[in-house]
Amino acid sequence: MQTAFTNFFGKRAKYPRFKSRKSAEYTTSGFRFRDGKLTLAKMSEPLDIVWSRPLPAGAQPSTVTVSQDGAGRWFVSMLCDDPSVKPLSSNGDAVGIDVGLDHLLTLSTGEKIANPRHERRDRARLAKAQRELAKKAKGDGANRVKARRKVARVHARIADRRRDLLHKLTTRLVRENQTLVIEDLTVRNMVRNHTLARAISDASWSEFRSMLEYKATWWGRNVIAVDRFFPSSKLCSHCGALAGKMPLNVRTWTCASCGTAHDRDVNAARNLLAAGLAVTVCGAGVRPQRSSPGGQSAMKQKLLRREP
Ligand SMILES: [Zn+2]
């Protein structure tokens with residue numbers, strides 16, 4: 001609520017609206033977990049659970065949270081220690097990651113990761129469900145509830161698919177790279193554009209970032225978020241020359257000073273990477289957000305060797 005009001009008074013967001021969150025937390029005395037069966041306090045039978053994945057071998061949950069989402073689905077999440085999660089041996093690889101609307105992510109390596117395949121259709125479905133809901137009069141009890149559930153279900157489906165993709169991506173990126181440079185998107189930037197595509201993209205960006213950060217902590221990697229005060233799209237990542245106007249529809253361009261042909265998004269990702277690495281070397285110009293000392297010094301040494 002504090003964040004919501006701070007953003008409201010900072011004119012970055014609308015007046016906060018109430019959002020009910022149905023969930024209950026059980027500590028060790030409130031549940032029993034035996035032979036893979038979960039029984040909550042005051043229940044005689046174990047819960048019938050569809051597992052998203054098995055618990056790590058030998059894990060004993062310390063907290064169990066039961067919640068219900070807007071689409072009416074019930075979830076049980078268990079907090080446990082996984083002894084198999086250990087820092088990976090460090091490598092010197094680094095990657096810059098740029099987000100966009102036509103591609104989910106663009107990497108400084110030149111790789112582009114497309115948006116989920118079904119999303120355009122899902123989005124159309126969501127827009128339709130939202131129109132149906134808007135048509136229902138305020139007092140129209142049962143039908144309105146039904147329409148709202150429908151919107152929530154479509155939302156949940158889009159979010160589920162996105163999350164699944166984001167988990168696979170973040171796991172891969174964190175395992176492959178010692179240093180990951182992302183852009184620090186501010187709230188102000190995020191509310192400027194109100195399209196549905198933008199809203200979904202923004203929501204998954206914050207989810208992507210948080211997954212990247214906690215997985216980096218698990219495996220001993222560094223995530224650096226750089227402020228986007230520099231013109232990452234217009235700056236030539238090869239020679240550093242600044243190009244002129246660059247409207248959004250310009251996807252490829254050629255640098256006037258060095259003649260390098262650029263893909264707009266790959267060039268931006270490369271500039272992000274360079275800015276992030278500059279932080280690890282001299283700490284000037286941009287603001288690093290999170291990094292662990294170990295891997296960072298490895299990166300520093302590598303860079304210093306390359307540029308005597
Ligand atoms: Zn150039």
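Heads up: numbering here begins at 1 and tracks the sequence. Bear in mind that the values here come from a model prediction, so they are computed numbers and not experimental data. Start at 1 and go down the list; that is how both ligands and their atoms are numbered.
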Revision key, fill the gap. The ring pair (Phe, Tyr, Trp, His ring centres under 6.0 Å) partners of Trp219 (sequence neighbours excluded) come to none
Practice item. Report the residues that fulfil ring pair (Phe, Tyr, Trp, His ring centres under 6.0 Å) with Trp74, sequence neighbours left out, ordered by chain and then residue number. Key: none
Point to revise | Residue Asp81 excluded, over 12 heavy atoms near CG under 6.0 Å | key: no
Revision key, fill the gap. For residues 164-175, the side-chain hydrogen bond (donor to acceptor under 3.5 Å, both in side chains) pairs (sequence neighbours left out) are Glu111-Arg172, Asp164-Lys168, His167-Lys215, Thr170-Lys215, Thr171-Lys215, Arg172-Glu176
Practice item. Determine how many protein N/O/S atoms sit closer than 2.8 Å to the Zn ion (ligand 1), leaving waters out since they are not shown. Key: 4
Review point. Would you find more than 12 non-hydrogen atoms of other residues, nucleotides or ligands less than 6.0 Å from Arg32 atom CZ?
Key: no
Check your understanding: For residues Thr106 and Asp98, is any side-chain donor paired with an opposing acceptor at under 3.5 Å?
Key -> no
